[in-house]
Amino acid sequence: MGKENSKRALGKERERQAAHYLQTRGVRICTTNFAGRQGEIDIIGYHGDCLVFVEVKYRRDAKRGTPESAVTMQKQRRICRTADYYRYLHHYGDERPFRYDVVAISGESIRWYENAFEHVF
């Protein structure tokens, strides 16, 4: 298996780990790896009546920074545009509450940031 394939497999495993973590904390997962022209959202689910768009970031160690620091403003914009597309496709109006969460995985540590950032254009 090539380096890129093993990185992709590790990323998918971390996303599964994050989904399980969220499920044990009351998030109902609707879909994973939703992709559109605008980008991709790792996990989409509900926490109570709130639609949640989740970005999962993993770092083996802190050499390249924290996983949280990888959710840049550019990444946030891409996630927001993709979330808008998802909401449009599923006929969710502006009255449906939604938020953006980040699950950061460092080694074996998992941190869940609810409402990690505001909607940006």
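Source: prediction; values computed, not measured.
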Cut-off 3.5 Å, no hydrogens considered: what does the side-chain donor-acceptor table look like for residues 101-108, sequence neighbours left out?
{"residue": "Asp101", "atom": "OD1", "partner": "Arg99", "partner atom": "NE", "Å": "2.8"}
{"residue": "Asp101", "atom": "OD1", "partner": "Asn115", "partner atom": "N", "Å": "2.7"}
{"residue": "Asp101", "atom": "OD2", "partner": "Arg99", "partner atom": "NE", "Å": "3.2"}
{"residue": "Asp101", "atom": "OD2", "partner": "Arg99", "partner atom": "NH2", "Å": "3.0"}
{"residue": "Asp101", "atom": "OD2", "partner": "Trp112", "partner atom": "NE1", "Å": "2.9"}
{"residue": "Ser106", "atom": "OG", "partner": "Arg111", "partner atom": "NH2", "Å": "3.0"}

**Study point:** Sidechain-backbone polar pair: Glu55 side chain, Val71 backbone, donor-acceptor under 3.5 Å
**Key:** no

Check your understanding: Within the side chain of Thr31, is there an N or O that forms a donor-acceptor pair under 3.5 Å with the backbone of Ile44?
Key -> no

**Study point:** Heavy-atom closest contact (Arg59 atom, Pro67 atom, distance)
**Key:** CG-N, 3.7 Å

**Study point:** Pairing residues for Phe117 by the ring pair (Phe, Tyr, Trp, His ring centres under 6.0 Å) criterion, not counting sequence neighbours
**Key:**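 Applying ring pair (Phe, Tyr, Trp, His ring centres under 6.0 Å) to Phe117 gives Tyr100.
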
**Study point:** Pairing residues for His20 by the ring pair (Phe, Tyr, Trp, His ring centres under 6.0 Å) criterion, not counting sequence neighbours
**Key:**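 Partners of His20 under the ring pair (Phe, Tyr, Trp, His ring centres under 6.0 Å) test: none.
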
For [X], enumerate each residue passing the side-chain hydrogen bond (donor to acceptor under 3.5 Å, both in side chains) test, keeping only those at least two apart in sequence or located in another chain.
X: Glu15; value: Asn33
X: Tyr46; value: Tyr92, Arg96
X: Glu13; value: Arg16

Study note, to complete from the structure: For Ser69, the side chain to side chain contact (heavy atoms under 4.5 Å, CB included) test, sequence neighbours excluded, returns Thr66

Point to revise | Any residue meeting side chain to side chain contact (heavy atoms under 4.5 Å, CB included) with Gln74, in chain and number order, not counting sequence neighbours | key: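 Only Thr72, Arg78 meet the side chain to side chain contact (heavy atoms under 4.5 Å, CB included) criterion with Gln74.
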
Review point. With sequence neighbours left out, what residues match Asp94 under salt bridge (Lys or Arg N to Asp or Glu O under 4.0 Å)?
Key: Arg87

Point to revise | salt bridge (Lys or Arg N to Asp or Glu O under 4.0 Å) partners of Glu40, counting only residues at least two apart | key: none

Exercise for review: I would like to know whether Leu89 and Tyr85 meet side-chain contact (heavy atoms from CB on, under 4.5 Å); could you show each step before the answer?
Suggested key: CA-CA 6 Å; Leu89 282 179; Tyr85 179 60; 3.5 Å; yes

**Study point:** Residue pair Leu51 / Pro97, side-chain heavy-atom distance below 4.5 Å
**Key:**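 A side-chain contact under 4.5 Å is absent here.
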
Can you tell me how far the [atom1] atom of [X] sits from the [atom2] atom of [Y], to the nearest 0.5 Å?
X: Ile41; Y: Ile79; atom1: CD1; atom2: CD1; answer: 7.0 Å
X: Arg77; Y: His119; atom1: CZ; atom2: NE2; answer: 11.0 Å
X: Arg81; Y: Gln76; atom1: CZ; atom2: CD; answer: 12.0 Å
X: Arg28; Y: His47; atom1: CZ; atom2: NE2; answer: 10.0 Å

Exercise for review: Can you establish whether the number of heavy atoms outside Arg25 located under 6.0 Å from its atom CZ is more than 12?
Suggested key: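 Enclosed: over 12 neighbouring heavy atoms sit under 6.0 Å from CZ of Arg25.
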
Same cluster or not: [X] versus [Y], using hydrophobic residues (I, L, V, M, F, W, Y) connected whenever any side-chain heavy atoms lie under 4.5 Å apart?
X: Leu22; Y: Ile110; value: yes
X: Ile29; Y: Val54; value: yes
X: Tyr113; Y: Ile43; value: no

Exercise for review: Evaluate the side-chain contact (heavy atoms from CB on, under 4.5 Å) criterion for residues Tyr86 and Phe53: first the C-alpha distance (whole Å), next the side-chain angles of each, then the deciding distance (0.1 Å), finally the verdict.
Suggested key: CA-CA 10 Å; Tyr86 179 88; Phe53 300 99; 3.7 Å; yes

Exercise for review: Please report the C-alpha distance between Gln17 and Tyr21 in whole Å, then the side-chain angles of each, then the deciding distance to 0.1 Å, and finally whether the side-chain contact (heavy atoms from CB on, under 4.5 Å) criterion is met.
Suggested key: CA-CA 6 Å; Gln17 183 182 10; Tyr21 178 88; 5.8 Å; no

